[in-house]
Amino acid sequence: MIDKNDLDGVKDFLYYKDVKDDIYAYANGELELAKADTTRFGYYDDHFKWLRSEVTGFSGIPNMGKSAFVTFLSALKMYHDNWKVAIYSPESNPPEFFYANYLHSLSSKHIFLLKKKPSVEYLKQYEKILENQLFLCNPEKMPTFKGIMERFQKAYEYHGCDMFIIDPFNCLEREWEHSNRDDRYVGDFIDHYKDFAIRNNVVATVVMHPKGSVRLVKNSVDYEMPSAYDLAGGAMWYNKLDNLVFVHRPHMISDPEDVTVTIRHSKIKKKQVVGKGGDATIEYYFTRGRYGYMGFEPTFTDVEGLDIPQPVSANVDFDNKQRQANDIDNEIPF
C-alpha cells in the first residue's frame with residue numbers, strides 16, 4: 001500500500017488545499033466570479049442574463065414567438081452594448097425579411113406590416129447597426145453543425161462577434177453517424193457548440209422546434225407548454241445545455257389579441273450568476289416587434305450618435321415603471 005506521506009494526492013484529483021487561496025481571495029473581494037451581462041430588459045434580469053461561454057436553448061410551439069424573443073433580446077444588446085451578432089437562420093429567407101425583422105425590433109416599424117411605410121430617411125438611421133453588428137450566415141447548401149462551427153469561427157475571427165445564434169437547430173444536415181440516434185446527435189452538437197463558446201468567450205444560442213404533435217390544455221383549445229422531452233433528443237437538451245428556455249403564449253388560440261407571454265426557464269445552470277430561473281410573465285406587442293410589461297417596453301433611445309424618434313410609450317423609464325407596478329402589486333412583476 002502506498003504511504004500517503006509519499007504523495008501529495010491521487011493522480012487527477014484536486015483537493016481543497018489546491019483552491020483555498022482562491023476561495024479566500026473571493027471572500028476578501030480580491031477575485032470575482034464571471035459576471036453575466038444584463039439583457040437590458042428590466043427585471044427580466046432576475047430570471048436570466050447572458051453569460052459568455054454558455055450555450056442557451058430557446059424552444060416553444062411554432063408561431064409562439066421563440067425566434068421573435070431571441071431577435072428582440074439580441075437587438076437590445078446590439079443597440080445598447082454594441083454587441084455583434086452572427087446568425088444562421090435559413091427559415092428567415094429571403095435575407096431582406098431577416099433584416100426587416102431586426103429593423104422591426106429596433107425601430108418598432110416593419111416594412112411588410114404597415115400600409116403607411118416608414119420613410120427611407122427613418123430607416124437609414126439604423127444602417128450603422130445593421131451593417132456593422134448583424135451578420136447572416138447564408139450558405140448555398142444546408143450545412144452540418146461542424147460546418148456551421150467552422151463558419152462561426154471565421155465570423156468570430158473576422159468580425160469579433162459577441163453572440164452566435166442557430167435558428168433553428170432542425171435545419172442542420174446530419175452526418176451519417178448520427179442518422180439513427182437523436183440523443184447522440186444532440187449531445188455531440190452541444191459539446192461542439194460549448195467548446196466553441198468557451199474557446200472564444202462568446203454567447204452561444206440555439207432555437208429548437210418541438211417534435212411531433214402538441215397537447216391541448218384540458219377542456220380548452222389552447223396548447224400546453226412543451227418541455228425538454230418534447231424535443232428530438234429529449235433529455236439530452238436538458239442534460240447538456242447550460243440554460244433551457246421555453247416561450248409560450250398560453251391564450252394565443254382562444255384569444256389571438258391576448259399579449260400574454262410566459263417565458264419558462266426550465267434550466268439555469270449557474271443560478272448565482274445567470275438568474276433564478278422560473279417563469280416570467282411578459283407581453284408581446286406584435287405590431288411593434290417588442291416585448292414588455294404592463295404596456296411598457298425597454299427603451300431603444302439615448303444611444304450616442306443615434307438620434308431616432310420614438311413613440312411616447314417607448315421613451316418611458318422602463319425600470320421605474322416596473323418598480324411602481326411592483327409597489328402596487330407587492331410582487332416582482334417578472
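Basis for what follows: all heavy atoms, side chains included, without hydrogens, waters or symmetry-related copies. Worth saying up front: this structure is predicted, and the values here are computed from it rather than measured.
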Worksheet item: Does the pair Asp81/Lys77 count as a salt bridge with the N-to-O cut at 4.0 Å?
Response: yes

Fill in: Distance flag, aromatic centroids of Phe169 and Tyr185, threshold under 6.0 Å
yes

Discussion item. Before you tell me yes or no, could you show the steps for Phe152 and Tyr156 under ring pair (Phe, Tyr, Trp, His ring centres under 6.0 Å), namely the whole-Å CA-CA distance, both residues' side-chain angles and the distance that decides it to 0.1 Å?
Written reply: CA-CA 6 Å; Phe152 277 5; Tyr156 173 77; over 10 Å; no

Item to complete: Indicate yes or no: does Lys84 engage Asp162 in a salt bridge with an N to O separation below 4.0 Å.
Response: no

Worksheet item: Which pair of non-hydrogen atoms, one from Pro256 and one from Arg249, has the smallest distance, and what is that distance?
Response: O-NH2, 3.2 Å

Practice prompt. Let me see the working for Leu244 and Ile268 under side-chain contact (heavy atoms from CB on, under 4.5 Å), right down to the final yes or no.
Written response: CA-CA 7 Å; Leu244 178 57; Ile268 301 291; over 6 Å; no

Worksheet item: Would you say Phe145 and Asp188 make side-chain contact, with heavy atoms under 4.5 Å?
Response: yes

Discussion item. Would you say that Ile87 contacts Phe135 through its side chain, given a criterion of any heavy-atom pair below 4.5 Å between the two side chains?
Written reply: no

Practice prompt. List the steps and the verdict of side-chain contact (heavy atoms from CB on, under 4.5 Å) for Val203 and Thr56.
Written response: CA-CA 8 Å; Val203 168; Thr56 299; 5.8 Å; no

Discussion item. Can you confirm whether Tyr284 is buried at OH, in the sense that more than 12 heavy atoms of other residues, nucleotides or ligands lie under 6.0 Å from that atom?
Written reply: yes

Discussion item. Any side-chain to backbone donor/acceptor pair from Asp18 onto Tyr15? Under 3.5 Å, distance only.
Written reply: yes

Worksheet item: Under 3.5 Å, is there a donor-acceptor pair between the side chain of Tyr285 and the main chain of Gly295?
Response: yes

Discussion item. For Arg40, is there any backbone N or O sitting under 3.5 Å from a side-chain donor or acceptor partner on Thr38?
Written reply: yes

Discussion item. For Asp182, is there an ion pair with Lys211 - N to carboxylate O distance below 4.0 angstrom?
Written reply: no

Fill in: Leu103 CG to Tyr126 OH distance, which is reported to the nearest 0.5 Å
7.5 Å

Practice prompt. Mark yes or no for whether His47, through its side chain, and Gly277, through its backbone, hold a donor-acceptor pair below 3.5 Å.
Written response: yes

Worksheet item: Taking it one step at a time, do Val85 and Cys161 satisfy side-chain contact (heavy atoms from CB on, under 4.5 Å)?
Response: CA-CA 6 Å; Val85 179; Cys161 297; over 6 Å; no

Worksheet item: Honestly curious: do Val70 and Phe286 fall in one hydrophobic cluster under the side-chain, below-4.5 Å linking rule?
Response: yes

Item to complete: Please lay out, stage by stage, how Ile111 and Leu123 fare under the test side-chain contact (heavy atoms from CB on, under 4.5 Å).
Response: CA-CA 10 Å; Ile111 60 174; Leu123 298 179; 3.9 Å; yes

Worksheet item: Less than 4.0 Å between a side-chain N and a carboxylate O, is that true for Lys128 and Glu131?
Response: no

Fill in: Sub-4.5 Å side-chain heavy-atom contact between Val245 and Ile263
yes

Worksheet item: Quick check: does any side chain N or O of Asp258 sit under 3.5 Å from a backbone N or O of Thr260, one acting as donor and the other as acceptor?
Response: yes

Worksheet item: Ring centroid separation for Phe69 and Tyr44, is it under 6.0 angstrom?
Response: yes

Worksheet entry | Under 3.5 Å: donor-acceptor pair, side chain of Lys49, backbone of Asp37 | no

Practice prompt. Report yes or no: do Val259 and Met225 belong to one cluster of Ile/Leu/Val/Met/Phe/Trp/Tyr joined by side chain heavy-atom distances under 4.5 Å?
Written response: no

Worksheet item: Would a 4.5 Å heavy-atom cut-off, applied to side chains only, mark Val207 and Ser59 as touching?
Response: no

Worksheet item: Between Ser227 and Asp230, is any pair of side-chain heavy atoms under 4.5 Å apart?
Response: yes

Discussion item. Under a 4.0 Å threshold between the charged nitrogen and the carboxylate oxygen, would Glu297 count as salt-bridged to Arg288?
Written reply: yes

Practice prompt. Keeping the roles fixed (side chain from His104, backbone from Gly289), state whether a donor-acceptor pair exists under 3.5 Å.
Written response: yes

Discussion item. Would you say that Glu54 contacts Lys270 through its side chain, given a criterion of any heavy-atom pair below 4.5 Å between the two side chains?
Written reply: yes

Fill in: Val186 to Gly233 - nearest heavy-atom pair and separation
CG2-CA, 4.0 Å

Item to complete: Could you please spell out the steps behind the side-chain hydrogen bond (donor to acceptor under 3.5 Å, both in side chains) verdict for Asn101 and His110?
Response: CA-CA 7 Å; Asn101 285 338; His110 202 297; 3.0 Å; yes

Practice prompt. Would you mind telling me which of Lys146, Arg184, Lys240 makes a salt bridge (charged side-chain N to carboxylate O under 4.0 Å, His left out) with Asp191?
Written response: Lys240

Solution key, residues 193-200 side-chain donor-acceptor pairs under 3.5 Å, sequence neighbours excluded:
| residue | atom | partner | partner atom | Å |
| --- | --- | --- | --- | --- |
| Tyr193 | OH | Phe164 | O | 3.0 |
| Tyr193 | OH | Thr205 | N | 3.3 |
| Tyr193 | OH | Thr205 | O | 2.9 |
| Lys194 | NZ | Ser53 | O | 3.1 |
| Lys194 | NZ | Asp242 | OD1 | 3.0 |
| Lys194 | NZ | Asp242 | OD2 | 2.8 |
| Arg199 | NH2 | Gln153 | OE1 | 3.2 |
| Asn200 | OD1 | Gln153 | NE2 | 3.3 |
| Asn200 | ND2 | Gln153 | OE1 | 2.9 |
| Asn200 | ND2 | Phe196 | O | 3.1 |

Worksheet, complete the sentence: Closest non-hydrogen atoms of Pro90 and Asp167, given as atom of the first, atom of the second and distance, are CD-O, 3.7 Å

Worksheet item: Looking at the rings of His248 and Phe246, which for Trp means the six-membered one, are their centres under 6.0 Å apart?
Response: no

Discussion item. If I compare all heavy atoms of Tyr88 with all of Leu172, which pair ends up nearest, and what's the gap?
Written reply: CE2-CD2, 3.5 Å

Worksheet item: Heavy-atom distance under 4.5 Å between the side chains of Trp83 and Val202, does that happen here?
Response: no

Worksheet item: Between Tyr291 and Phe41, does the ring centroid distance fall short of 6.0 Å?
Response: no

Worksheet, complete the sentence: Sequence neighbours excluded, the answer for side chain to side chain contact (heavy atoms under 4.5 Å, CB included) partners of Val221 is Ile253, Ser254

Worksheet item: Are any of the side-chain heavy atoms of Glu91 and Pro168 separated by less than 4.5 Å?
Response: yes

Practice prompt. Could you pull out the closest heavy-atom pair between Pro139 and Arg151, with the gap in Å?
Written response: CB-NE, 3.9 Å

